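To start, the structure under review is shown below, and the notes come after it.
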Amino acid sequence: MLKDMFKKTSSQSKKMLNSAQIPDGLFQKCVKCNEILYAEDVVSNYYICPNCGSYFRISPRERLSMVLDKGSFIEWNEELPISDPLNFPGYKQKLKHVKTVTNLDEAVITGEGIINGTNVAIGVMSSDFLMGSMGEVVGEKITRLIEGATEKKLPLIIFCCSGGARMQEGIVSLMQMAKTSQALKKHDGEGLLYVAVLTDPTTGGVMASFAMLGDVILAEPGALIGFAGPRVIEQTIGQKLPEGFQRAEFLLEHGFIDKIVKRSKLKQTLSILIKS
Amino acid sequence: MSSELTAWDRVQIARGKERPTSLDYIGAIFNKFMELHGDRLCRDDGAIVGGLAAIDDVSFTVIGQQKGRNLKENKKRNYGMPCPEGYRKALRLMKQAEKFNRPIICFIDTPGAYCGIEAEERGQGEAIARNLFEMSGLKVPILSIVIGEGGSGGALALGVSNEVWMLENSTYSILSPEGFASILWKDSKRANEAAEVMKITADDLKNMKIIEHVFPETEPLCVENIDMVAASIRDGIIAFVTRYKEKSKEEIVAERYKRFRNM
């Protein structure tokens with residue numbers, strides 16, 4: 001029924017188009033251009049709106065399947081114990097709920113895989129899991145990923161996606177910025193390559209640590225990449241922000257990223273870099 | 001100091017207008033201080049001061065986040081909120097310390113890194129990240145002391161150290177209590193509640209093993225009563241340098257790595 005199509009669209013569009021859990025055969029509405037889209041068209045177009053070209057956020061497993069040789073991914077550190085250093089009221093329950101809803105253990109999946117025949121260490125963050133926020137477990141997984149890459153002498157790729165540090169873990173979240181950055185210093189000391197791929201959004205404590213430390217920093221078109229959130233900046237300066245502020249294109253212009261790469265070209269670009 | 005002080009009380013003290021600043025401590029602790037300026041790229045950021053100092057015949061590189069005492073001073077100091085140029089100046093001076101084998105002492109006191117348009121344009125995130133990365137590998141001992149507010153990443157960018165100490169009424173946090181309450185409870189007026197939950201006081205952080213030492217404050221510090229604490233800090237710095245004198249460069253880096261690796 002026509003009525004049912006639009007009913008589904010209005011209630012679920014925003015969530016669905018920000019993650020890869022798009023069921024078959026449904027129509028979706030793009031939150032950017034409001035066009036009603038056939039789900040399969042979105043999926044086959046790398047989760048990019050066929051109408052306006054907006055990039056939807058995708059899950060770590062979708063990302064890994066796009067970038068790695070088929071069946072080559074081996075996951076590391078699948079389930080680390082929950083951390084709740086502040087005994088924050090309701091946090092443990094929230095974590096349990098989010099794990100069930102997202103079918104993810106935490107806001108990052110890490111491991112190793114192969115890209116066109118070359119072994120890599122790889123991590124992909126997820127904005128579905130508490131906005132990709134970094135707490136102790138995310139910091140630990142990323143640190144072990146980097147240390148594993150150093151030990152095995154692997155190039156490293158991290159897909160960054162985060163609203164920043166995980167508030168519920170307080171100062172411990174802040175320390176993850178130092179913990180991950182120092183691991184990268186060691187990886188760097190071994191002469192190994194680290195490619196950071198910044199996806200929408202990459203902000204806060206993640207942006208101000210491992211995201212901006214790549215030997216090569218790539219970004220997806222239109223990705224929001226910034227240290228302070230746009231609203232905080234607006235409140236600080238008391239004015240509206242310029243058009244395109246903190247988008248990937250802005251960062252390219254200001255000299256902070258190496259290249260903006262279309263999703264369809266990402267595997268090829270990474271392949272060239274890791275073989276260089 | 002009374003243990004009846006709440007976390008929120010301590011936040012107010014840490015932010016207080018009378019709270020001594022980095023330059024106050026530098027003047028009270030070191031025999032000599034020559035300030036050095038500039039990031040060698042585009043600007044000298046007044047929110048961070050740094051240079052060469054000495055206690056007797058031991059040379060140091062000293063860096064501090066500097067708040068202003070009045071409106072005029074704060075125009076120069078930007079209320080202690082560094083821009084990327086400040087972090088780059090700090091890094092330049094820290095690398096210089098490594099070249100000349102001088103221990104580094106950092107005084108941390110900032111509400112946070114400045115979040116304006118130009119700060120983003122000039123790479124605030126990158127500047128902080130770069131400091132975390134480079135500090136972790138410096139082959140000289142680094143000591144940071146939080147003298148006022150340790151505001152998030154903006155503070156951590158001077159805090160990847162072998163040891164981090166705090167004054168009893170200083171705070172060190174992921175975000176301000178107002179910001180925390182706003183994000184998690186949609187109500188910034190619950191900041192005093194947030195301050196308790198966040199565990200931002202010096203004692204909380206020592207219990208969590210985030211810092212090594214707390215200097216007691218028998219009353220809230222001001223320029224007039226700074227001498228006793230300054231003397232304690234001076235003694236502490238001398239003991240710190242003595243401890244690290246016998247360690248190899250590799251040991252100094254390895255211990256710092258282990259410290260943060262355990263967090």
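As the structure is a computational prediction, the values presented were derived from the model and not from experiment. Numbers restart at 1 for each chain; the letters A, B, ... are given by sequence-line order, proteins then strands. Atom set for the values below is all heavy atoms of this structure, side chains included, hydrogens, waters and symmetry mates excluded.
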Heavy-atom contact with chain A under 4.5 Å, split by part of [X]:
{"X": "B:Val197", "answer": "both"}
{"X": "B:Leu205", "answer": "side chain"}
{"X": "B:Arg130", "answer": "both"}

Measuring from [X]:[atom1] to [Y]:[atom2], what's the distance to the nearest 0.5 Å?
{"X": "B:Ile117", "Y": "A:Gln246", "atom1": "CD1", "atom2": "CD", "result": "9.0 Å"}
{"X": "A:Met212", "Y": "B:Phe133", "atom1": "CE", "atom2": "CZ", "result": "13.0 Å"}
{"X": "A:Thr180", "Y": "B:Phe260", "atom1": "OG1", "atom2": "CZ", "result": "11.5 Å"}
{"X": "B:Cys115", "Y": "A:Glu234", "atom1": "SG", "atom2": "CD", "result": "11.5 Å"}
{"X": "A:Met177", "Y": "B:Ser152", "atom1": "CE", "atom2": "OG", "result": "6.5 Å"}
{"X": "A:Ile171", "Y": "B:Ile210", "atom1": "CD1", "atom2": "CD1", "result": "6.0 Å"}

Got more than 12 heavy atoms from elsewhere within 6.0 Å of [atom1], [X]?
{"X": "B:Lys95", "atom1": "NZ", "result": "yes"}
{"X": "A:Lys259", "atom1": "NZ", "result": "no"}
{"X": "B:Glu73", "atom1": "CD", "result": "yes"}
{"X": "A:His97", "atom1": "NE2", "result": "no"}

Kindly write out the residues that satisfy ring pair (Phe, Tyr, Trp, His ring centres under 6.0 Å) with B:Phe180, not counting sequence neighbours, or none if the list is empty.
A:Phe88
Option that, when pairs with chain B are counted at under 4.5 Å, heavy atom only, ranks first among A:Gly205, A:Ala178, A:Gly255:
A:Ala178
Counting heavy-atom pairs closer than 4.5 Å to chain B, which one of A:Phe250, A:Phe245, A:Phe256 comes out on top?
A:Phe256
Tell me, side chain or backbone of [X] under 4.5 Å from chain B's heavy atoms, or both, or neither?
{"X": "A:Glu169", "answer": "neither"}
{"X": "A:Phe210", "answer": "neither"}
{"X": "A:Ser209", "answer": "both"}

Please step through side-chain contact (heavy atoms from CB on, under 4.5 Å) for the pair A:Leu86 and B:Met208, ending with a clear verdict.
CA-CA 10 Å; A:Leu86 302 185; B:Met208 291 172 77; 4.3 Å; yes
Heavy-atom pairs under 4.5 Å with chain A, option from [options] with the top count:
{"options": "B:Tyr114, B:Tyr172, B:Tyr257", "answer": "B:Tyr257"}
{"options": "B:Met263, B:Glu120, B:Lys199", "answer": "B:Glu120"}
{"options": "B:Met135, B:Arg261, B:Gln124, B:Glu126", "answer": "B:Arg261"}

Locate the shortest heavy-atom distance separating B:Ile128 from A:Ala208; write the atom from each residue and the value.
CG2-O, 3.7 Å
Are B:Leu156 and A:Met175 side-chain neighbours, meaning at least one heavy-atom pair lies under 4.5 Å?
yes
Residues of [range] near chain B, each having a heavy atom less than 4.5 Å away:
{"range": "residues 215-231 of chain A", "result": "A:Gly226, A:Phe227, A:Ala228"}
{"range": "residues 237-244 of chain A", "result": "A:Ile237, A:Leu241, A:Pro242"}
{"range": "residues 182-194 of chain A", "result": "A:Gln182, A:Ala183, A:Leu184, A:Lys185, A:Lys186, A:Asp188"}

